[in-house]
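Here is the structure we will look at.
Excluded from the calculations below are hydrogen atoms, water molecules and symmetry mates; all remaining heavy atoms, backbone and side chain alike, are included.
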Amino acid sequence: MADAAEIQGPSASPARRRLRRAGALLAGAPLLAGLLQLTATEPAQAAPVDSVSVALDTMTPSAPTEDDTLTVSGTVINNGRQPVTGAHVGLRVGPLLNTRSAVDGIAQHPNDLRGGTGDELGDKYTEKFSKLVPGVAEHFSISVPVDELDLGKDGVYSFGVSVSGKTSARPWDQMLGIERTFLPWQSSEADTKSRTTVMWPLISSVHMTARTGAGERQTPVFQDDELAKEIAPGGRLAQMMDLGRDLDVTWVIDPDLLAAVDAMANGYRVQQSDGSSKAGSRENQDTAKQWLAGLQQAVAGKEVVALPFADPDLASLAHTGTSVTGSLSHLKDATDVAALTVKTVLHVTPTTDFAWPVEGAVDPSIIKVATSAGADRVIARSDSLRESAGLSYTPSAARPIGGGTTAVVADARMSTAFEGDLTKADSSTLAVQQFLAQSLEANVQKDEQRSIVVAPQRMPTASQAQAMATAVKALQDGNWSQPETLTGAANAKPDPDATSRIPSTSAYPSSLRKQELPRSAFEQIADTQDKLDNFQVILTDQSRVVTPFGRAINRGMSTSWRGQAAKADGFRADVLSYLDNLGGQVKLIDKSETKLSGRSATIPVTVQNNLVQPVGHLYLRLSSTQPTRLKIAGKAYDEQPVEVSGGHSQSVKFTTSANANGRATVLAQLYTEDGQEYGDPVSFDVKVTEVTPTVMLVIGGGVLLLVLAGFRMYTQRKRAAARQAEEEGPDGAEADSGDGSGNPDDAGDRLSEEAGSPAGATGPDQPGDPAPDTAPESADPSGTGERVDR
């Protein structure tokens with residue numbers, strides 16, 4: 001328009017036009033400065049420096065109906081540096097939320113002042129404070145009849161508690177803080193109700209070792225006494241049991257937990273840092289008995305799902321364990337023993353055809369492993385098995401995925417609502433309201449009944465369990481949901497439009513993969529199993545070893561080890577070390593060098609059994625490394641069966657024969673009946689010192705010289721006697737004789753007897769007989785430490 005006016009009038013000179021422009025700039029300068037100032041102050045109004053935090057500690061009822069009175073309470077804290085005056089806490093009902101994503105948005109930013117806060121109800125339903133001192137918490141409690149909230153259509157409403165006031169820097173009434181949550185509103189019974197399954201997990205970490213006492217009772221040894229704390233009044237598992245008693249839930253139980261508590265109830269020991277163990281307290285035994293009795297009552301009449309023993313890590317097994325021979329067999333063993341354990345301890349028959357991978361994350365390999373042990377229903381989660389068809393509603397949980405297997409897809413939003421730190425009351429309250437909001441929002445999506453499954457974290461804390469129980473109780477008392485068992489959800493008619501495509505292995509979350517058990521863990525387990533197989537064949541009572549070690553192997557691949565790699569490795573190493581120690585109780589006693597004089601002898605080898613039970617099915621083989629010099633029973637080696645009573649030793653004798661002098665090395669080795677070596681071998685030397693023909697010739701020559709010397713002495717004496725008789729003559733006296741007979745020969749005989757025969761008499765008992773150089777051989781068994789027979 002200015003340009004048009006200028007065209008209609010006379011043309012202005014250049015100097016005049018420059019003057020007009022300068023004047024316009026001067027006139028607009030104040031306006032421009034004002035605009036800049038206004039722009040600079042707007043961010044301060046959106047995010048005031050002086051703020052007050054609001055904590056909504058309670059909201060009852062969580063899902064009100066028409067005749068209820070809603071009561072909210074909590075605390076406000078002035079986080080600024082200046083006091084807040086004229087403060088008041090008010091209630092705000094926001095807009096109706098139409099999607100589950102809208103619920104997510106508020107849950108992620110509950111304190112955002114810029115969100116849709118709605119209008120405050122008014123002074124009638126506020127609580128006022130004359131001053132909020134910095135850093136001082138002030139409590140509030142406000143009650144309002146539900147009909148005063150002016151709620152309309154059924155659904156989920158945004159609901160907030162705000163605090164407003166003034167500060168010296170900003171002396172006008174303003175909203176300084178807010179906490180937003182949700183108000184589920186179902187005024188009457190819904191025409192269509194969701195069938196909601198809530199899994200109530202009773203799972204703990206590994207507590208028992210493979211070690212047991214030596215007595216008949218085999219008193220179990222625990223790693224620590226932490227389980228006693230969990231089942232004691234106020235403990236995590238005690239609260240899980242007490243809270244679940246009054247809820248319509250499906251109990252999901254790890255049989256290892258039941259086995260551990262049952263063992264504790266019947267007497268147990270606790271391992272010490274020095275390797276010893278001490279007896280568990282009588283008080284803890286009584287606590288265990290009380291907890292089991294309470295659990296038996298709590299699960300009566302409800303569905304119980306038994307996981308495989310010790311809750312094996314299916315994802316780790318699928319991604320790493322299957323490459324190690326024999327790993328899958330342990331999952332089958334864990335599944336087989338699960339039902340028996342639950343039935344024995346709780347006196348109920350559980351369902352065992354469900355598999356539950358960590359956080360419901362699945363891929364084809366996990367599905368394959370999960371079903372390999374007989375489970376035909378796999379509990380997945382909707383953030384893993386994502387909908388790809390763009391559905392505008394939440395489909396039913398059951399999805400057929402082929403091969404007769406059903407994926408039971410838990411709702412991710414509801415399942416993860418109780419994770420995180422819920423020790424503070426406001427965190428717990430927000431979690432409950434978010435859970436209920438998601439449940440109601442899912443129900444109003446479609447006028448068709450659907451099955452919703454909630455699969456929470458495996459081991460909720462006590463505060464998480466309390467929040468879960470509060471939410472489940474409110475849900476079951478609400479007007480839009482009805483309880484259903486896990487089996488019922490799995491058997492429900494699947495939605496044909498819901499996805500049934502299992503995500504690829506590459507889509508498995510990297511955060512979960514980093515927590516998996518390494519290949520070395522399964523190799524360690526395989527090594528333990530091999531040694532157990534070799535050990536058990538020699539036992540007369542295999543159950544004393546096979547049962548505790550079999551369960552320990554299951555515990556070595558438990559899901560509870562995620563994030564505890566070092567502790568898990570230590571557990572498995574301890575199991576293997578203890579098995580090696582037990583196997584080493586049956587061994588060969590070391591033997592020193594043995595001397596063998598003569599051509600044959602028996603050699604004893606001692607087997608020691610320090611176990612409390614007898615052992616058998618063993619063979620002891622003695623081998624000569626130089627059979628040309630020394631043979632065992634006429635050949636290179638010989639073997640004999642071995643049976644040794646508990647706490648005893650047994651000597652096994654082998655007949656040997658020497659062909660030449662010198663030293664020969666002998667090797668003793670135990671074998672099982674199937675030909676496997678058992679234990680370490682023992683080697684020792686045998687020194688052969690055989691008597692040679694030259695030595696015999698020397699000895700014979702010496703004897704001959706003695707005979708000749710004796711004969712010469714005899715003839716000399718006889719000649720001397722004859723000379724004496726001749727000297728006396730015919731007229732002399734009679735020669736003295738031994739018997740007075742006067743016979744010269746008798747005198748010679750007497751002299752011979754007095755002198756003795758140089759060679760000894762011919763009778764067998766004469767003292768001059770040479771002793772034999774060897775004693776008779778003996779083949780009778782000898783005792784421990786007996787010397788070699790000669």
Using 0.5 Å steps for rounding, measure from the [atom1] atom of [X] to the [atom2] atom of [Y].
X	Y	atom1	atom2	result
Thr429	Gln434	OG1	CD	12.5 Å
Phe418	Thr461	CZ	OG1	11.5 Å
Asn284	Lys229	CG	NZ	10.0 Å
Ser205	Trp561	OG	CH2	7.0 Å
Asp426	Thr75	CG	OG1	7.0 Å
Ile452	Asn443	CD1	CG	8.5 Å

Return yes if a side-chain donor-acceptor contact under 3.5 Å exists between [X] and [Y], otherwise no.
X	Y	answer
Trp480	Ser194	no
Gln449	Thr192	no
Ser73	Thr58	yes
Gln464	Gln457	yes
Gln445	Ser392	no
Thr250	Glu303	yes

Legend entry - Six-ring centre of Trp356, Arg458 cation under 6.0 angstrom, axis tolerance 45°: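 Judged by the rule, Arg458 and Trp356 form a cation-pi pair.
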Is it the case that the side chain of [X] and the backbone of [Y] share a donor-acceptor pair, with hydrogens and angles ignored and the cut-off at 3.5 Å?
X	Y	value
Thr126	Asp123	yes
Thr416	Ala412	yes
Arg180	Asn111	no
Asp477	Ala474	no
Asp225	Ala228	no
Ser384	Ala361	no
Arg450	Ala442	yes

Which pair of heavy atoms, one from [X] and one from [Y], lies closest together, and at what distance?
X	Y	value
Leu422	Ser427	CD2-O, 3.7 Å
Ala417	Ala431	O-CB, 3.5 Å
Asp311	Asp254	N-OD1, 3.6 Å
Val453	Val409	CB-O, 4.4 Å
Ile379	Met199	CD1-CE, 3.6 Å
Phe182	Phe159	C-CB, 4.3 Å

Inset, instruction - Could you walk me through whether Phe129 and Val89 pass side chain to side chain contact (heavy atoms under 4.5 Å, CB included), step by step? - result: CA-CA 8 Å; Phe129 301 92; Val89 177; 3.8 Å; yes
Inset, instruction - Would you mind listing every side chain to side chain donor-acceptor pair (under 3.5 Å) that reaches into residues 133-143, with sequence neighbours excluded? - result: Thr71-Ser143
Inset, instruction - Can you run down the side chain to side chain donor-acceptor pair (under 3.5 Å) pairs that involve residues 150-165, sequence neighbours left out, and say none if there aren't any? - result: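 For residues 150-165, and leaving out neighbouring residues, the side chain to side chain donor-acceptor pair (under 3.5 Å) pairs sorted by first residue read Arg92-Ser162, Asp154-Gln186, Asp154-Ser187.
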So for atom [atom1], which belongs to [X], do other residues, nucleotides or ligands contribute more than 12 heavy atoms lying within a distance under 6.0 Å?
X	atom1	answer
Lys289	NZ	yes
Asp119	CG	no
Glu283	CD	no

Hey, is [X] close enough to [Y] for a salt bridge, meaning N to O under 4.0 Å?
X	Y	value
Asp104	Arg413	yes
Arg100	Asp411	yes
Asp383	Arg381	yes
Asp173	Lys166	no

Inset, instruction - Let me see the working for Arg195 and Thr197 under side chain to side chain contact (heavy atoms under 4.5 Å, CB included), right down to the final yes or no. - result: CA-CA 7 Å; Arg195 294 192 297 261; Thr197 299; over 6 Å; no
Legend entry - Identified side-chain contact (heavy atoms from CB on, under 4.5 Å) partner of Ser62 from the options Thr181, Leu436, Leu70: Leu436
Inset, instruction - Quick one: sort the Trp200 and Trp251 rings into parallel, tilted or perpendicular, breaks at 30° and 60°. - result: perpendicular
Legend entry - Chi angles and distances behind the side-chain hydrogen bond (donor to acceptor under 3.5 Å, both in side chains) call for Ser451, Glu484: CA-CA 8 Å; Ser451 295; Glu484 185 175 44; 3.1 Å; yes
Inset, instruction - Kindly determine whether Gln476 and Ser481 satisfy side-chain hydrogen bond (donor to acceptor under 3.5 Å, both in side chains), including the steps that lead there. - result: CA-CA 6 Å; Gln476 294 174 355; Ser481 176; over 6 Å; no
Inset, instruction - Please step through side-chain hydrogen bond (donor to acceptor under 3.5 Å, both in side chains) for the pair Thr209 and Gln223, ending with a clear verdict. - result: CA-CA 6 Å; Thr209 70; Gln223 293 186 99; over 6 Å; no
